[in-house]
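Convention: sequence-line order gives letters A, B, ...; per-chain numbering from 1. Hydrogens, waters and symmetry mates are skipped; everything else that's a heavy atom, side chains included, is used.
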Amino acid sequence: MQKPTLPKGTRDFGPEQMRKRLFIFDTIRQTFQRFGFQPLETPSMENLSTLMGKYGDEGDQLLFKILNSGDFAGSLTEADLQAGSKKLTPKISEKGLRYDLTVPFARYVVMNRNNLPMPFKRYQMQPVWRADRPQRGRYREFYQCDADVVGTDSLLCEAEIILMIHEVMRNLGMQHFTLKINNRKILAGIAEAIGMPGQEGPLSVAIDKLDKIGKDKVLDELRERGFSEEAITKLEPLFGFDNASTADTLTMLASWLDASTTAQQGVAELQETLQLATMAGLENAQIDIDPTLARGLSYYTGAIFEVKANGVSIGSISGGGRYDNLTGAFGMPGLSGVGISFGVDRIYDVMDELNLFPAGTGQGTQVLIVPFDADARGVALPLVTQLRAVAIPAEVYPDLAKVKKMLDYANAKQIPYVVLIGSEEVQTGQLTVKNMVTGEQQKIAQADVASFVRQR
RNA sequence: GUGAUUGUAGCUCAGUUGGUUAGAGCGUCGGAUUGUGGUUCCGAAGGUCGCGGGUUCGAGCCCCGUCUUUCACCCCA
């Protein structure tokens, strides 16, 4: 018999991992709901026509495609096979697994445009798939938690995203993070300012790597991408933002890029966004205005966000931004939206590495009831029902096994309390409650077990 | 997609220049204890050495392919 294996880049999540993951999901969901976002789920698979072309060429390549059902090769000709995989794909596959949650959301909005209250705020927590090569913090199947608003271009939405990120991080117990913010309009303005208007794409790709490969290599890459020495010289101010405060950064950007109306607009947007966030009561902001922050997804047009955990070498744990025309691709132009996406799997990796999960995260069974014989069940079963009725997770050991075995079971499941019920307990009505951490045990009347366990 | 890297018991790892029957610790299961665990002692189970092919009298060890792991690039949560 062959040993079973998992597909590359996928994982099982055992009970212990799931408890921690649910802690993350619950924390994020609470915040999303508190900010007025409504839940949405969409299918795992979408038509390829919905997905293709939304994430750039690279993204198209990373889409998992689903082979057509039935005789998918039936009508293929020799010429089709010769034409290469790119031409062949649409003939044998018309569906794919979703790559993110934003594009399916845009599709949903367009299909339901007449029934949605605008602005429409939705959150969505589902897996996405990318045919990437797995690495640390990078999986082929992973969960995203998205919150998006469409139907308004108010910067209040950006401000609320900043508030939500701070709230989520703090509720998770991740105190040490950095929220990097930039604006695509500033990137466009930089391209203008150095005499390469419209070239913010290649520019972004290079300068985004600044903190990773350093200034010199960024400049080398720009030269390779056809940027002149003159342009590179004009870019010099970009490298002077390192330790500037938020306010100083904005001032410096405004004066450096004063010739570009686009850039001025970007700076003004950031300014107003921060102002609104402050007005809403944001304290101890962990914001870093970073003009080198780019982000790959091609549909962003305004603010862009990225969250990194400090002191861990895992990529960004959250990212997002404003997109002005995502629904345009589905025949509904002019609908602006802005959103944020939390990467649960990376958040998990960071919290696990830094030991940030609170002790007893998602504690399972609280009380194990151990009847020694069939008579004892007459006491055990009413008791377990009684505990469950007051929301104390409890279970009865199902077999009449040796006590040692049943206590081992409690240890294995880290159950803090065991109620032992033998003939003596049945007769007196005083049950033996054992604290599995301290080893202490005492007699307690059945009616008082719940409140005893509750106290701690 | 490009270039490296890894794989031996459930887990972490030994395994000599290629040489009989592949080992240890931890864990699991049973017992010492017919109403008391996390300590101790005794015992047992568990491996076609990732998979397929090749070289050799002989392969866990050498060669090729493949899958998997990890890492860099690309890109990204």
Side-chain angles (χ1 to χ4, degrees), chain A residues 1-11 14 24 28 55-63 85-86 98-102 125-146 204-206 208-209 212-213 217 221 293-298 300 304-309 313-321 339-350 368 370-373 376 397 400-426 431-441:
Chain A
M1 235 231 301
Q2 207 181 352
K3 282 185 186 172
T5 56
L6 285 172
K8 189 200 280 273
T10 65
R11 292 125 338 127
I24 298 171
I28 295 173
Y55 311 105
D57 290 344
E58 194 94 24
D60 284 354
Q61 226 175 1
L62 295 179
L63 283 170
S85 60
K86 214 165 185 178
R98 75 165 96 78
Y99 179 92
D100 71 0
L101 301 177
T102 311
M125 315 205 297
Q126 289 188 276
V128 302
W129 293 268
R130 296 182 189 177
D132 220 343
R133 208 174 269 208
Q135 251 175 68
R136 174 171 173 70
R138 167 181 289 189
Y139 308 97
R140 286 185 148 182
E141 178 183 61
F142 60 97
Y143 278 72
Q144 292 192 327
C145 300
D146 279 34
S204 304
V205 172
D208 191 39
K209 299 176 191 164
K212 198 169 180 183
I213 62 177
K217 290 197 171 168
E221 186 163 337
L293 174 65
R295 295 191 54 75
L297 291 179
S298 43
Y300 291 124
I304 43 185
F305 308 103
E306 187 164 294
V307 181
K308 288 201 147 187
S313 61
I314 288 179
S316 57
I317 54 178
S318 178
I340 185 70
S341 178
F342 290 93
V344 173
D345 305 79
R346 285 189 176 173
I347 290 174
Y348 182 101
D349 288 345
V350 170
L368 176 70
V370 167
F372 292 155
D373 50 44
Y397 195 88
L400 300 176
K402 291 187 175 172
V403 177
K404 170 179 162 54
K405 189 165 183 175
M406 299 193 275
L407 292 178
D408 279 340
Y409 175 80
N411 278 330
K413 284 188 76 171
Q414 295 183 35
I415 299 172
Y417 293 101
V418 170
V419 179
L420 301 156
I421 306 174
S423 54
E424 190 188 322
E425 284 82 357
V426 172
L431 311 184
T432 304
V433 178
K434 186 178 182 74
N435 180 323
M436 292 300 282
V437 180
T438 63
E440 293 168 35
Q441 56 186 57

Expressed in angstrom and rounded to an integer, what is the separation of [X] atom [atom1] from [N] atom [atom2]?
X	N	atom1	atom2	result
A:Glu141	B:C76	CD	P	21 Å
A:Leu431	B:G35	CG	P	18 Å
A:Tyr417	B:G38	OH	P	20 Å
A:Trp129	B:C76	CH2	P	20 Å
A:Asn411	B:U28	CG	P	10 Å
A:Leu6	B:G50	CG	P	19 Å
A:Ile213	B:C73	CD1	P	9 Å
A:Lys404	B:U40	NZ	P	12 Å

Phosphate OP1/OP2 of [N] contacted by [X] side-chain N/O (<4.0 Å):
X	N	answer
A:Lys402	B:G31	yes
A:Lys209	B:C75	yes
A:Lys8	B:U68	yes
A:Lys405	B:U36	no
A:Gln441	B:U36	no

In plain terms, say whether [X] and [Y] are close enough for a salt bridge, that is, a side-chain N and a carboxylate O under 4.0 Å apart.
X	Y	result
A:Lys209	A:Glu221	yes
A:Arg140	A:Asp132	no
A:Asp345	A:Arg11	yes

Quote, to the nearest angstrom, the [atom1] distance that separates [N] from [M].
N	M	atom1	answer
B:G30	B:G23	C1'	23 Å
B:G27	B:C74	C1'	42 Å
B:G15	B:G7	P	12 Å
B:U48	B:G10	P	8 Å
B:A59	B:U20	P	12 Å
B:C67	B:G1	P	10 Å
B:A45	B:U55	P	37 Å
B:U36	B:C26	P	26 Å

Which base sits across from B:G25 as a Watson-Crick or G-U pair, both distances under 3.5 Å? B:C11

Any strand, both distances under 3.5 Å, Watson-Crick or G-U wobble: B:C73 pairs with B:G1

Hey, does [X] reach any base, or is it just sugar-phosphate, or nothing, if we go heavy atoms under 4.0 Å?
X	value
A:Val128	nothing
A:Tyr139	base
A:Met406	nothing
A:Arg136	sugar-phosphate
A:Gly422	base
A:Gly56	nothing
A:Asp408	sugar-phosphate
A:Gly59	nothing

Can you confirm whether A:Phe372 sits close enough to A:Val403 that some side-chain heavy atom of one is under 4.5 Å from a side-chain heavy atom of the other? yes

Assess whether one donor atom and one acceptor atom, taken from the side chain of A:Glu425 and the base of B:G35, lie less than 3.5 Å apart. yes

So which nucleotide from [options] ends up closest to the side chain of [X]?
X	options	result
A:Gln61	B:G1, B:G38, B:C76	B:G1
A:Asp132	B:C75, B:U36, B:G38	B:C75
A:Gln144	B:A77, B:G37, B:C75	B:A77
A:Arg133	B:A77, B:A72, B:G35	B:A72
A:Gln135	B:A72, B:G37, B:C76	B:A72
A:Lys434	B:G35, B:G37, B:G1	B:G37

Do A:Glu425 and A:Thr432 meet the criterion of a side-chain donor-acceptor pair at a distance under 3.5 Å? yes

Closest non-hydrogen atom pair, [X] against [Y]:
X	Y	value
A:Cys145	A:Met125	SG-SD, 3.5 Å
A:Tyr143	A:Pro127	CE2-CD, 3.4 Å
A:Leu63	A:Tyr99	CD2-CB, 3.6 Å

If you assign each of A:Leu420 and A:Gly9 to its closest nucleotide in RNA chain B, which residue comes earlier from the 5' end? A:Leu420

For A:Ser318 and for A:Pro7, locate the closest nucleotide of RNA chain B by heavy-atom distance; then report the residue assigned to the nucleotide nearer the 5' terminus. A:Pro7

Residue pair A:Val344, A:Phe142: steps toward the side-chain contact (heavy atoms from CB on, under 4.5 Å) verdict: CA-CA 8 Å; A:Val344 173; A:Phe142 60 97; over 6 Å; no

Centroid under 5.5 Å and tilt under 30°, A:Phe342 to B:A77: no

